[in-house]
Amino acid sequence: MDFSWDLLLNAVASGIMLGGFYAAVAIGVTIAFGMLDIVNIAHPAFIVLGSFLAYLSINGLGIDPFLSAGVFAVAGFLFGRVFYRAYYYFFERRGDDSLQGLAFFFGIMFIVEISLVLVFGVDYRLIDLPYLARTYEIGVVQIPLRLAAPCVAGVAMLVAIQLYMSRTFTGRAILAVAQDLEAVRFVGADPIRVKEIAFGIAVGSAIIAGVLLIVIQSVEPSIGREFIGRAFAICVLGGMTSLPGTLIAAMILGIAETMTSTFFGPSWSPAVAFGLLLATLAFRPAGILGR
Amino acid sequence: MQRHVASGRAQSGDPPILEAKGVTKRFGGFVALDGVDFAMAPGERVALIGPNGSGKSTFVNCLSGALTPEAGSVRFEGRLVTGMPPWQRARAGLVRSFQIPRPFRRLSVIENIEVPLNFALAEPPPGGKAQRALEILESIGLGAKAYGSPKDLSQVELRKLELGRALAANPRLLIADEAMAGLSDSEVDEIVDLLERLNAQGIAIILIEHIMRAVMRFSQRIIVLVAGRKIADGLPGEVMRQDEVERAYLGQ
Amino acid sequence: QTAGPPIRIGMGIALSGGLAAFGKSALLAMQLWAADVNAKGGLLGRKVELVFYDDQSNPATVPGIYAKLIDVDKVDLVVSGYASSQIVAAMPTVMQKKKVFMTLFGLAANDKFNYDRYFQMQPNGPVARTEFSKGFLNVAMSMDPKPTTIALVGGDAEFPSIALDGARENVKALGLKVVYDRTYPPNTIEFASVVRAIKSTNPDLVFVASYPPDSAGMVRAVREVGLDAKMFGGGMIGLQSAALKTQLGPMLNGVVAYDLYAPEPTMKFQGVEDFLTRYRQEAAKQGVDPLGFYIAPLAYAELQILGQAVEATKSLDDAKLAKYIHDTTFQTIAGEIRFQERGEWAEPRILLVQFQGIAGNDVAQFMEAGRQVIVYPPKFKSGTFKYPFSAASK
Amino acid sequence: MANSISIERLSAGYGAVRVLTDIDMHVASGETVALLGTNGNGKSTLIKCITGQVQPTAGRVSATIDGVEHNLAGRSTQDIINLGIAIVPEGRRLFPKLTVEENLLLGAFRAAARPRREESLAFCYEAFPRLRERRTQLAGSMSGGEQQMLAIARALMTLPKILLVDEPSVGLAPILVARTIDTIADLKQRLGLTVLMAEQNFPQAIRIADRGYVLVHGRIELTADDPQALRDSDIVRQLYLGGA
Amino acid sequence: MTVASHFSTPSARRTPRAFSLPVLLVGVALVALELFVGGGAGEYYLLLAYVILQYLVVATGWNILGGYAGYVNFGTAAFFAVGCYTTIALQKLADVPLPLSILAAGVVAGLLGLGTGYLTLRLRGVFFSIATLAMAVVLQTLIINWSFVGGARGTYILRPDPIAPFTTYVQYLLVLMTVLATASVLIAIAVERSWIGMGLAAIRDDELAAEASGVPGLRLKLIATTLCGALMGMAGAPFPYFITYVEPASAFSLAIAVNAIAMPLIGGTATWWGPVVGTVLLGTTQQVLTVTISSAANLLIVGILLVVFVTAAPTGVVGLVRGMRGGRK
Ligand SMILES: Nc1ncnc2c1ncn2[C@@H]1O[C@H](COP(=O)(O)OP(=O)(O)OP(=O)(O)O)[C@@H](O)[C@H]1O
Ligand SMILES: Nc1ncnc2c1ncn2[C@@H]1O[C@H](COP(=O)(O)OP(=O)(O)OP(=O)(O)O)[C@@H](O)[C@H]1O
Ligand SMILES: [Mg+2]
Ligand SMILES: [Mg+2]
């Protein structure tokens with residue numbers, strides 16, 4: 001494509017908006033996979049679950065999903081805690097390493113996906129929020145609310161969780177628990193409870209990411225599979241345990257995708273985005289903000 | 001700087017088995033090693049001491065290849081080994097043990113010993129690997145636990161295993177990084193005896209240790225690192241009397 | 001009363017995974033057919049029974065499913081699932097057993113096999129490739145002034161690739177200048193960049209070949225970014241389903257899209273309205289496309305044809321059935337159907353519809369005539385084409 | 001107020017292996033008690049019984065904190081820490097990928113310690129200036145001695161009444177051994193702690209201990225009520241001072 | 001304590017040698033059996049066996065890297081697809097016979113494995129896994145844009161007529177796959193019992209310590225990535241003839257990636273027979289469910305089974321069996 005500043009600025013803007021949403025998708029992976037060492041491959045399935053809850057909210061109850069998202073996130077949080085208890089009971093308690101859990105999460109992924117098929121059917125679902133149908137223009141840059149709102153929500157969620165992690169005792173304990181579970185007890189914290197809370201946050205964030213997803217595009221039960229690669233790639237690119245890193249990585253991936261899409265042909269954008277990941281790993285194996 | 005090569009099998013005039021020049025290692029802005037020179041003769045027994053954080057383990061890592069120094073060179077038996085991966089150094093006879101034991105947790109104790117027997121030796125040991133592995137385990141007092149898991153070993157036993165694994169690699173130079181920390185006096189003696197036996201077979205040994213009794217008993221020469229610099233290098237008695245060493249390391 | 005064991009019709013069909021939306025819709029239509037037939041006493045006096053397995057949208061499961069259907073379940077007849085990949089994966093097995101193979105939406109799938117018992121229901125006609133853009137370009141050239149430039153864009157997948165190939169051929173023949181020709185990968189979320197890049201080339205026409213989520217993404221991005229083209233649309237799968245129609249609502253106005261059925265006065269085939277009514281009752285319960293315009297009537301018609309062949313030949317013999325189907329012109333709820341030698345519709349009937357006067361997101365309006373105006377082919381034309389795109393969008 | 005530990009007829013082990021037999025022990029309020037014994041004799045196991053990491057097979061472990069007696073058997077480690085008992089564990093058990101300061105702040109996780117975290121932090125930095133210098137370094141990249149300081153400081157951050165220390169001198173340079181032991185004595189004084197310290201380094205331990213126990217093969221072989229009694233004991237001479 | 005039951009005694013380490021002959025015999029017997037079963041009702045079972053054996057090769061290949069060396073390959077589908085597309089490319093170029101394509105696929109995918117190994121040699125653990133995942137995405141994009149092999153629209157590979165002793169082409173495919181499966185299990189046994197296996201095990205536990213013991217980490221990892229890649233590629237090579245129409249989505253299918261990991265994990269990753277047991281259990285279950293339950297629920301049941309399997313036997317079926325044989329614990 002011919003170069004123009006107009007295109008460039010818009011590509012960057014779109015990339016940032018996309019990145020904000022990707023960040024929301026990857027937060028839970030960074031927490032569960034990066035910090036807790038739980039390879040929750042079913043994370044995208046939880047995201048789709050969130051999308052369907054949002055769908056239910058507006059079409060069943062007539063409540064704006066941005067309003068009910070909080071309630072769903074809390075439900076997700078509680079569900080995540082229960083879920084972690086089970087995971088703990090079956091795997092961690094016995095000292096098995098996280099690889100063992102992988103097959104387990106594949107199973108969960110199928111269960112969630114097919115349960116959604118059985119409850120909601122297989123049709124594409126979407127929600128329509130008329131107030132998001134607007135596009136703002138700042139100079140030459142176009143900001144469609146449909147993408148901007150999820151971006152803002154995603155970034156806000158990430159910032160909130162990051163503040164929680166760095167400012168609160170439980171948050172710091174979450175960072176510590178992956179490194180030496182038993183040692184967390186020596187400061188008077190219950191590591192299982194700490195991990196439970198962290199996993200709850202991860203699932204809660206997945207639910208919110210799901211709400212954002214269905215605002216952006218139409219969703220069917222198996223669509224989560226498409227996000228596995230991106231979510232894990234962002235987590236790793238960001239340095240595994242770092243939420244700011246996750247945000248930066250998400251933005252980089254988003255901008256790489258939109259830039260490629262604008263100037264070189266969209267077909268190559270996954271290759272560019274994931275090639276970027278490979279290159280980063282080759283030169284900085286610990287990711288961007290890896291410790 | 002005087003260089004002492006005491007009795008043992010070493011003879012002055014031998015080319016050094018190990019020669020490090022100007023080894024420098026930085027972590028971010030922090031200089032952990034600052035141009036350390038070091039040479040030792042074949043069969044020599046050297047102790048490397050220094051306060052915590054003075055760079056001893058870092059130096060060992062640079063010698064064994066686990067870390068790459070920013071500057072300086074390391075020669076082993078005349079060959080330049082800087083840039084050589086750790087496993088090649090181990091095969092060449094430059095073997096180290098780890099300060100914090102790192103057993104292969106999912107292998108049995110005897111298999112832990114068999115790994116270097118399989119990989120570090122130029123030719124299979126006479127009498128077979130299994131035989132040799134058992135011999136080594138007996139010699140370090142782990143014969144009874146040969147078929148158990150390292151998970152069931154105590155800290156002490158893990159340290160012995162760490163040493164046994166180094167032995168199995170048939171070293172020409174053995175670097176024992178705090179092999180005795182946490183051992184009782186009699187066990188310290190046991191290990192010192194073991195090291196002396198090895199030395200008698202012609203293996204040069206670098207001992208990194210805070211247990212001064214062992215250091216004094218074992219070493220022919222002592223090197224003192226402080227804050228990444230070598231501040232002393234000489235006969236044990238002399239080094240221990242140096243003011244600087246006393247101030248920085250021994251206290252009082 | 002029926003006599004003898006039931007006649008069993010076997011298939012593998014996507015009930016989970018990415019193709020399930022269409023698979024389930026088709027299955028529902030076929031089940032309605034079975035119910036209708038059984039209510040009237042079955043075929044040859046025997047009840048009809050559908051034997052189906054979920055192929056999980058994964059063609060690798062298909063060979064096993066058809067071998068099992070034919071060899072172990074010993075079904076009397078087989079039909080295909082949705083779509084090309086699954087059809088072709090079943091072909092070797094089906095051909096080896098010399099079964100008649102009625103198939104749903106295979107894109108030129110028999111061109112390589114030349115199997116003479118293959119019949120395909122999507123009305124692509126003998127040269128499927130060019131058919132998806134023919135109507136679009138035909139209508140485009142009727143505009144005044146004539147368009148000179150075109151942008152081609154589509155997904156990296158089977159149908160879009162083929163449709164774009166055909167479009168390139170047609171465009172070349174018409175002498176239009178291609179100013180943009182790119183594809184985007186599966187699971188693209190952000191289409192604004194694509195649309196902006198297209199916009200920067202200033203095309204008169206924008207032809208899109210896409211799958212459901214991207215069809216929606218493209219339309220939304222076009223509305224958000226704005227597009228000055230004279231005509232926008234093309235082979236956009238998904239715009240036929242209620243889900244996307246209701247989601248996009250007024251955003252659809254002016255868009256032209258290929259379709260297989262529209263509730264226009266020119267399409268009132270025997271039985272189709274009754275069928276759609278019954279279909280909709282069930283579909284709502286199952287979470288399947290509640291309009292049923294796209295695949296459902298053809299799936300029903302597929303079994304109508306098979307059923308008619310069985311009744312007419314009084315036989316389940318595949319050779320006889322194949323000959324009968326080749327030789328006959330069928331009147332179905334999807335209209336008049338005749339197959340050519342390779343099993344495609346002898347006369348293509350890909351429609352081009354333009355969305356007009358859509359207000360709000362209510363699903364009911366899409367069941368009315370005049371909202372999806374057929375602008376091509378002339379035989380079924382039901383209204384006038386509005387252009388340019390910006391004006392038609394009002 | 002009274003802070004003490006009392007152990008009666010305690011036995012414990014790992015699986016089928018019995019490590020401790022019939023231990024009776026008492027640490028009175030304000031005392032520094034040394035737990036002596038060479039390797040593998042069960043010092044750490046005894047400490048783990050107090051902190052709930054190992055559950056005794058028989059006997060009673062209890063602690064009195066601020067005059068209230070708590071039975072420790074069956075409690076989880078974190079509950080015991082929350083009573084006001086801190087531990088400097090064997091092997092330090094820091095969080096290697098957290099910074100020094102983050103490690104310290106985590107020490108104040110305990111509800112009782114949270115409000116006073118700034119104060120505690122200042123205290124620790126004052127007691128261990130090296131830690132202040134390294135406050136942003138990752139704990140895992142510090143040397144053994146530095147890590148030991150951090151482990152002690154982290155334990156202090158919990159604002160304990162009773163401090164359990166498991167072999168503080170392991171892996172330390174002689175100059176630091178003495179200094180660390182002195183620090184413990186000093187901290188004890190300043191904070192009014194009750195201290196139980198497992199140690200092999202007899203001469204150092206004895207410098208600050210009020211009393212001592214000697215463990216041999218999982219049994220208490222000697223209970224010494226003053227340092228001199230320890231020095232004079234045959235067992236100690238045998239074990240430490242190169243007799244036999 | 002029952003330590004001994006969990007850890008191989010010297011005799012236990014030698015047992016694989018005792019197994020290789022029986023494995024070979026089983027393979028030969030299977031081939032002989034397959035030659036008798038032609039079309040008719042047998043065809044379904046031949047296809048079923050083909051799919052299971054294909055997964056056996058994939059799972060065994062995965063396990064050489066994932067189980068022995070502890071490097072989890074998430075990019076299985078890419079290697080499988082490379083095998084597929086090697087066959088397609090060779091078929092388009094020169095109508096190369098399938099056995100040759102399989103070998104070529106082994107070489108190409110092996111080289112890809114080697115390349116991945118080199119590229120990612122600095123990456124440990126999860127970083128390696130994600131790098132393989134990224135590589136899969138990049139490769140899929142390349143294939144999508146490579147029109148010679150069909151690009152995004154896919155390509156047809158028609159089955160030729162069966163050759164002499166075979167009565168159907170499926171029979172031929174199955175015999176090839178049986179040979180491949182037998183070979184892959186023999187390779188796994190050979191790796192496991194040799195110095196390579198011990199070195200990989202040491203790497204899995206502690207790479208730094210392994211290097212300090214003289215284990216040439218990089219070289220062994222490269223051997224493992226190459227073998228792993230080659231086996232997966234060879235498993236994919238006959239796939240075009242199996243489904244006759246290949247598009248990127250079906251070659252890079254999620255099912256391959258899931259099964260490659262789930263099957264060894266269910267069976268147990270420490271030994272060669274873990275993946276075999278896992279494949280037979282999970283593979284058979286999947287295949288049987290596909291054609292017995294006529295709704296989406298079969299995938300639900302697969303999911304539930306996965307969960308039940310791994311929660312009931314977290315160290316795999318092999319671990320479970322050993323645990324039971326070892327008495328308590
Ligand atoms: N987790 C465990 N499982 C089995 N046995 C253990 C375990 N931990 C310790 N032991 C055994 O219990 C005995 C006592 O160990 P303990 O760690 O209490 O000794 P210690 O006196 O603290 O020695 P050290 O000076 O080495 O720390 C030792 O024989 C040891 O092998
Ligand atoms: N990876 C690293 N990153 C940053 N700093 C490091 C790293 N490794 C070591 N250091 C620092 O380098 C210095 C030297 O450490 P080293 O482990 O070599 O000390 P040592 O002499 O072995 O001490 P000890 O006797 O306590 O084991 C220490 O201050 C340590 O904190
Ligand atoms: Mg050190
Ligand atoms: Mg101890």
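Just so you know, these numbers use all the heavy atoms, side chains as well, and skip hydrogens, waters and symmetry mates. Numbers restart at 1 for each chain; the letters A, B, ... are given by sequence-line order, proteins then strands.
- With 3.5 Å as the limit, one finds a donor-acceptor pair spanning the side chains of E190(C) and S14(A).
- Options A13(A), P130(A), A11(A), S267(A) differ in how many heavy-atom pairs under 4.5 Å they form with chain C, and the most are formed by S267(A).
- Each of I189(C), V194(C), V288(C) has some count of heavy-atom pairs under 4.5 Å with chain A, and the biggest count is that of I189(C).
- Within the 4.5 angstrom heavy-atom criterion, only backbone atoms of I127(A) (N, CA, C, O) approach chain C.
- Side chains of Q142(A) and R196(C): a donor on one and an acceptor on the other come within 3.5 Å.
- Chain C forms more heavy-atom pairs under 4.5 Å with one residue of I223(A), V119(A), T258(A), V117(A) than with any other, namely T258(A).
- At a 4.5 Å heavy-atom cutoff, Y136(A) makes no contact with chain C through either its backbone or its side chain.
- Annotation: maximal heavy-atom pairing with chain C below 4.5 Å, among I114(A), L18(A), D6(A), occurs at L18(A).
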Using side chain to side chain contact (heavy atoms under 4.5 Å, CB included), reason through L244(C) and L126(A) one step at a time and then give a plain yes or no.
CA-CA 8 Å; L244(C) 296 206; L126(A) 353 92; 3.8 Å; yes

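- When each of T246(C), D156(C), T183(C) is checked for heavy-atom pairs under 4.5 Å with chain A, T183(C) comes out on top.
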Test side chain to side chain contact (heavy atoms under 4.5 Å, CB included) applied to V122(A) and S16(C), step by step
CA-CA 7 Å; V122(A) 289; S16(C) 58; over 6 Å; no

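- Heavy atoms of V153(C) lying under 4.5 Å from chain A are absent altogether.
- Scanning all heavy atoms of the two residues, the minimum distance from Q217(A) to T188(C) falls at OE1-O, 3.8 Å.
- Atom CG in D123(A) sits 8.5 Å away from atom CZ in F22(C) (nearest 0.5 Å).
- Listed options A192(C), G17(C), A216(C) were ranked by heavy-atom pairs under 4.5 angstrom with chain A; first place goes to G17(C).
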Applying side chain to side chain contact (heavy atoms under 4.5 Å, CB included), run through D289(C) and Y124(A) and close with a yes or a no.
CA-CA 8 Å; D289(C) 173 39; Y124(A) 284 93; over 6 Å; no

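- For the set R146(A), E113(A), R125(A), the entry with the most heavy-atom pairs within less than 4.5 Å of chain C is R146(A).
- Of the two parts of L248(C), neither the backbone nor the side chain holds a non-hydrogen atom closer than 4.5 Å to a non-hydrogen atom of chain A.
- Of the residues P270(A), S269(A), P266(A), the one that meets the side-chain contact (heavy atoms from CB on, under 4.5 Å) test with Y184(C) is P266(A).
- For Q286(C), the part lying under 4.5 angstrom from a heavy atom of chain A is the backbone only.
- For chain A, the option among A14(C), P290(C), P213(C), G226(C) with the highest count of heavy-atom pairs below 4.5 Å is P213(C).
- Between the side chains of N187(C) and R230(A), at least one donor-acceptor pair of N or O atoms lies under 3.5 Å.
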